[in-house]
Amino acid sequence: MRLLLVRHGQTPSNLKHLLDTAEPGPGLTALGQEQAAALPDALVSERIDALYASTLVRTQLTAAPLAAARGLEVRVRAGIRELTAGDLEMRGDDEAAHTYMHTAFAWSAGDVRLRMPGGENGVEALARFDAVVAEAHESGARTAALVSHGAAIRMWVAARADNVDVAHAAQHPLANTGIVVLSGSPEEGWRALLWEGESLGPLPVTPGPNDPTGTTVPPFSPGE
């Protein structure tokens, strides 16, 4: 199966550098709406058989133009929502961002019992994302698109793709409507074919600080 993991469009919380992970979450900025509207043309070469979005509003708004263009139902699933920030929710300081992303990448590296402060652990986060991927595979779709979130995508790909390690995921940002394309199956494993960190739609005219779930983080050491 071909798996397209697409990050949602820009939100107000992205502009404010906030760890905004609670449901239902914010909508899209004007630029985020333009990024979502650009997805049908950006993905015109992809035959998409199934389209999923998380339970956070921003992913559903991002998926909507693609669903309309392809005549697809958006299948809303909690399993691909953003990694819950717990006690770090709505913080935008460097310490919170460091803790959040280093916890996420610790999960990718195998330290799955580590828990986000006041939030989930890696066993829980990987299991819920795995369940949606398995559902998409079992549906018989040859290509499935999952509109998800920056940290969740990067963490899951680093954990599950044979050719993407934690160092690569940590050092390669995923902008709003950036995409990772993989091939494989839950049984045979996954291989990343494309990591397009830049937006598939328009970019900010004057780039501001990126949010902590999509940015480059310092070099990662397991257990840090």
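Heavy-atom basis, side chains included; hydrogens, waters and symmetry copies ignored.
With sequence neighbours excluded, no residue forms a salt bridge (charged side-chain N to carboxylate O under 4.0 Å, His left out) with Glu89. Asp130 is linked by a salt bridge (charged side-chain N to carboxylate O under 4.0 Å, His left out) to Arg160, counting only residues two or more places apart in sequence or in another chain. Judged as a ring pair (Phe, Tyr, Trp, His ring centres under 6.0 Å), and not counting sequence neighbours, Tyr100 has no contacts. With sequence neighbours left out, Glu120 forms a side-chain contact (heavy atoms from CB on, under 4.5 Å) with Leu83, Thr84, Trp107, Glu124, Ala125, Arg128. Residues passing the salt bridge (charged side-chain N to carboxylate O under 4.0 Å, His left out) test with Glu95 are Arg91, sequence neighbours excluded. Qualifying side-chain contact (heavy atoms from CB on, under 4.5 Å) partners for Val57, counting only residues two or more places apart in sequence or in other chains: Pro24, Leu61. Listed by chain and residue number, nothing satisfies the salt bridge (charged side-chain N to carboxylate O under 4.0 Å, His left out) test with Arg191 (two or more places apart in sequence, or in another chain).
Between the side chain of Glu82 and the backbone N or O of Ala152 there is at least one donor-acceptor pair closer than 3.5 Å. For Ser148 (side chain) and Ile153 (main-chain N/O), no donor-acceptor pair under 3.5 Å exists by modelled atom type.
Taking each heavy atom of Thr103 and Thr99 in turn, the nearest pair found is OG1-O, 2.6 Å. The two residues Ser54 and His149 come nearest to each other via the heavy atoms OG-NE2, 2.8 Å.
For residues 169-186, the set of pairs meeting the salt bridge (Lys or Arg N to Asp or Glu O under 4.0 Å) definition, not counting sequence neighbours, is empty. The stretch residues 18-42 participates, sequence neighbours left out, in these salt bridge (Lys or Arg N to Asp or Glu O under 4.0 Å) pairs: Glu23-Arg81. Judged as a ring pair (Phe, Tyr, Trp, His ring centres under 6.0 Å), the pairs with a partner in residues 125-144 (not counting sequence neighbours) are, in order, Phe129-Trp156. Annotation: salt bridge (Lys or Arg N to Asp or Glu O under 4.0 Å) contacts involving residues 46-59, sequence neighbours excluded, comprise Arg2-Glu46, Arg47-Asp49. Under the salt bridge (Lys or Arg N to Asp or Glu O under 4.0 Å) criterion, the residue pairs touching residues 65-77 are Arg77-Glu135, with sequence neighbours excluded.
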Stepwise, does the side chain to side chain donor-acceptor pair (under 3.5 Å) test hold for Thr177 with Ser199? CA-CA 5 Å; Thr177 67; Ser199 171; 2.7 Å; yes
Let's go through Leu39 and Leu200 carefully: what are the C-alpha distance in whole Å and the side-chain angles of both, what is the deciding distance for side chain to side chain contact (heavy atoms under 4.5 Å, CB included) to 0.1 Å, and is it a yes or a no? CA-CA 7 Å; Leu39 284 180; Leu200 297 182; 3.7 Å; yes
Check the pair Val123 / Arg113 against side chain to side chain contact (heavy atoms under 4.5 Å, CB included), numbers first and verdict last. CA-CA 6 Å; Val123 174; Arg113 297 293 176 182; 3.9 Å; yes
Check the pair Thr62 / Arg7 against side chain to side chain contact (heavy atoms under 4.5 Å, CB included), numbers first and verdict last. CA-CA 9 Å; Thr62 302; Arg7 190 183 179 202; over 6 Å; no
Under the side chain to side chain contact (heavy atoms under 4.5 Å, CB included) criterion, do Ser185 and Met1 qualify, and how do the steps go? CA-CA 6 Å; Ser185 70; Met1 184 177 76; 5.9 Å; no
